[in-house]
Amino acid sequence: LMRVTTTVRGEEWISSTPKHIVLYEAFGWQMPPTIHTPLLRDAERRKLSKRTGDTAIAAFRTQGYLPEGFRNFLTRTIWTHPDGKDVYPWEEFVRFFSAAGLRSSAPVADMDLLDFINGQYLRALSPSELYETMRAWLEYLVELDQDVSFALSGKGERMVNVTPRELWAYVAAFTKDPDYSQRVLALEPERYKKLGDALVQTRLFFADLFTAPAAEALAKPAGDTAQARALIETYVAESVPGEDHETWEARVRALAERLGVKAGKAFMTLRIALTGAEQTPPLYDIVQVLGPDETRRRLDLALAALGAAAPAG
């Protein structure tokens, strides 16, 4: 009466199937084909449930997984593509799927696989498409009006909490200049496995969100405050607009050699001064995205933190 053609349910119903067969026979009905699938399990082989991990779609949306990427992950988890693909369009799943292709052993919800697949979908977007996707997702987060903890992808996964006030500030900065935000998103897009990664990792690019690092953080790579100040002052004094990458890098290395500092420490001092972080995209690319005015402003703030005014010129 309900026009059910096929019943698909979890393996825990296998033991009840004989009773259902008897009931159908008693009513004189034709029982539809019934498929029992293995239960989806977590990395520790436990059945996914509310007690052992996120199972609500909203949790994955909040982290910034794309619907297309998440759907691809679900089909890849329970089914093997004939060509062994991990990433494929939905149309191929529809075309090639058969019940016989479902896995007989309990599939594991591999979050690393989810990150990989979703990252591929993100990288397939143009900068403008990624910007619009990000903007729409940010609107969804604003409507939640609550703290959100983002699990950053990559080595040594860590949680970063973002408050509603911090989120509103990011949205204002992100949407202020769409062209600038697209340039930011286009810088090493392979770092983003989900939109939450992009939100957390791109905050350093926006002038309204930037906080100058403390003198202790600036002095750490060079060894002391005076050395850090000398590095930044010399870099500012010798800056040449429009330098290509090779010329810029050679200049910084020569600067470090003159001051008796290892090149790596010189680059790290500048990185912290310009971003407030030790792990970022390539420093030259950051300088190009920030532009000369914002780069100089941040270096002035670093010098102020170190107790010196930037030299005129």
Side-chain angles (χ1 to χ4, degrees), residues 1-125 129 133 136-137 139-141 143-144 151 153 193-196:
L1 295 176
M2 295 174 67
R3 299 180 182 178
V4 173
T5 60
T6 307
T7 302
V8 182
R9 57 193 185 183
E11 62 184 329
E12 70 268 34
W13 286 95
I14 291 178
S15 61
S16 300
T17 302
K19 302 176 186 178
H20 300 158
I21 293 174
V22 171
L23 284 171
Y24 270 91
E25 291 176 345
F27 282 109
W29 297 338
Q30 178 64 43
M31 185 173 178
T34 301
I35 299 171
H36 294 90
T37 64
L39 297 177
L40 194 60
R41 302 183 184 277
D42 64 16
E44 298 181 9
R45 314 296 297 184
R46 299 172 300 186
K47 175 185 175 182
L48 282 186
S49 69
K50 293 179 181 178
R51 295 184 181 86
T52 58
D54 289 327
T55 54
I57 296 296
F60 294 95
R61 183 183 183 189
T62 299
Q63 288 296 312
Y65 290 102
L66 302 183
E68 301 83 0
F70 188 68
R71 181 173 63 183
N72 189 157
F73 164 70
L74 291 179
T75 61
R76 170 62 181 80
T77 298
I78 65 170
W79 174 79
T80 301
H81 190 284
D83 297 331
K85 296 180 181 178
D86 287 326
V87 182
Y88 43 79
W90 170 249
E91 291 74 18
E92 289 191 11
F93 174 74
V94 174
R95 183 164 71 250
F96 294 129
F97 174 80
S98 68
L102 290 171
R103 297 184 176 182
S104 58
S105 59
V108 172
D110 184 348
M111 294 299 105
D112 289 339
L113 177 62
L114 172 58
D115 283 347
F116 170 76
I117 291 175
N118 199 72
Q120 297 295 312
Y121 277 85
L122 283 177
R123 285 192 285 284
L125 299 176
E129 290 172 333
T133 300
W137 173 70
E139 289 180 358
Y140 161 74
L141 292 184
E143 291 177 359
L144 293 180
S153 306
K193 302 301 187 298
K194 52 185 178 293
L195 298 178

Decide yes or no for [X] and [Y]: does some side-chain heavy atom of the first lie under 4.5 Å from some side-chain heavy atom of the second?
{"X": "Val87", "Y": "Phe116", "value": "yes"}
{"X": "Thr5", "Y": "Pro32", "value": "no"}
{"X": "Ile117", "Y": "Leu113", "value": "yes"}
{"X": "Trp13", "Y": "His20", "value": "yes"}
{"X": "Trp90", "Y": "Arg71", "value": "yes"}
{"X": "Pro107", "Y": "Thr77", "value": "yes"}

List the atom of [X], the atom of [Y], and the distance in Å for their closest heavy-atom pair.
{"X": "Tyr121", "Y": "Gly69", "value": "CD1-CA, 3.7 Å"}
{"X": "Trp137", "Y": "Arg61", "value": "NE1-O, 2.9 Å"}
{"X": "Glu12", "Y": "Leu39", "value": "OE1-CD2, 3.0 Å"}
{"X": "Met111", "Y": "Phe60", "value": "SD-CE2, 4.1 Å"}

Using atom types as modelled and distance alone, determine if a side-chain donor or acceptor of [X] lies under 3.5 Å from a backbone N or O of [Y].
{"X": "Asn118", "Y": "Glu68", "result": "no"}
{"X": "Glu11", "Y": "Thr37", "result": "no"}
{"X": "Asp110", "Y": "Asp112", "result": "yes"}

Could you go through the side chain to side chain contact (heavy atoms under 4.5 Å, CB included) check for Leu125 and Thr133 one step at a time? CA-CA 9 Å; Leu125 299 176; Thr133 300; 3.9 Å; yes
Spacing of [X] atom [atom1] and [Y] atom [atom2] [to the nearest 0.5 Å]:
{"X": "Leu66", "Y": "Lys194", "atom1": "CG", "atom2": "NZ", "result": "11.5 Å"}
{"X": "Phe93", "Y": "Arg76", "atom1": "CZ", "atom2": "CZ", "result": "12.5 Å"}
{"X": "His81", "Y": "Thr75", "atom1": "NE2", "atom2": "OG1", "result": "9.0 Å"}
{"X": "Asp115", "Y": "Phe73", "atom1": "CG", "atom2": "CZ", "result": "9.0 Å"}
{"X": "Glu92", "Y": "Asn72", "atom1": "CD", "atom2": "CG", "result": "9.5 Å"}
{"X": "Ile21", "Y": "Met31", "atom1": "CD1", "atom2": "CE", "result": "5.0 Å"}

May I ask you to check whether Tyr88 and Trp79 place their ring centers less than 6.0 Å from one another?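 Yes, the ring of Tyr88 comes within the 6.0 Å limit of the ring of Trp79, centre to centre.
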For side chain to side chain contact (heavy atoms under 4.5 Å, CB included), just list the numbers for Leu122 and Leu195, CA-CA rounded to whole Å, side-chain angles, deciding distance to a tenth of an Å, and then say yes or no. CA-CA 8 Å; Leu122 283 177; Leu195 298 178; 3.7 Å; yes
Give the C-alpha distance, both sets of side-chain angles, the deciding distance and a yes or no for side chain to side chain donor-acceptor pair (under 3.5 Å) between His36 and Thr17. CA-CA 10 Å; His36 294 90; Thr17 302; 3.2 Å; yes
On the 0 to 90° scale, with breaks at 30° and 60°, tag the Tyr65-Phe70 ring pair as parallel, tilted or perpendicular.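 Tyr65 and Phe70: tilted rings.
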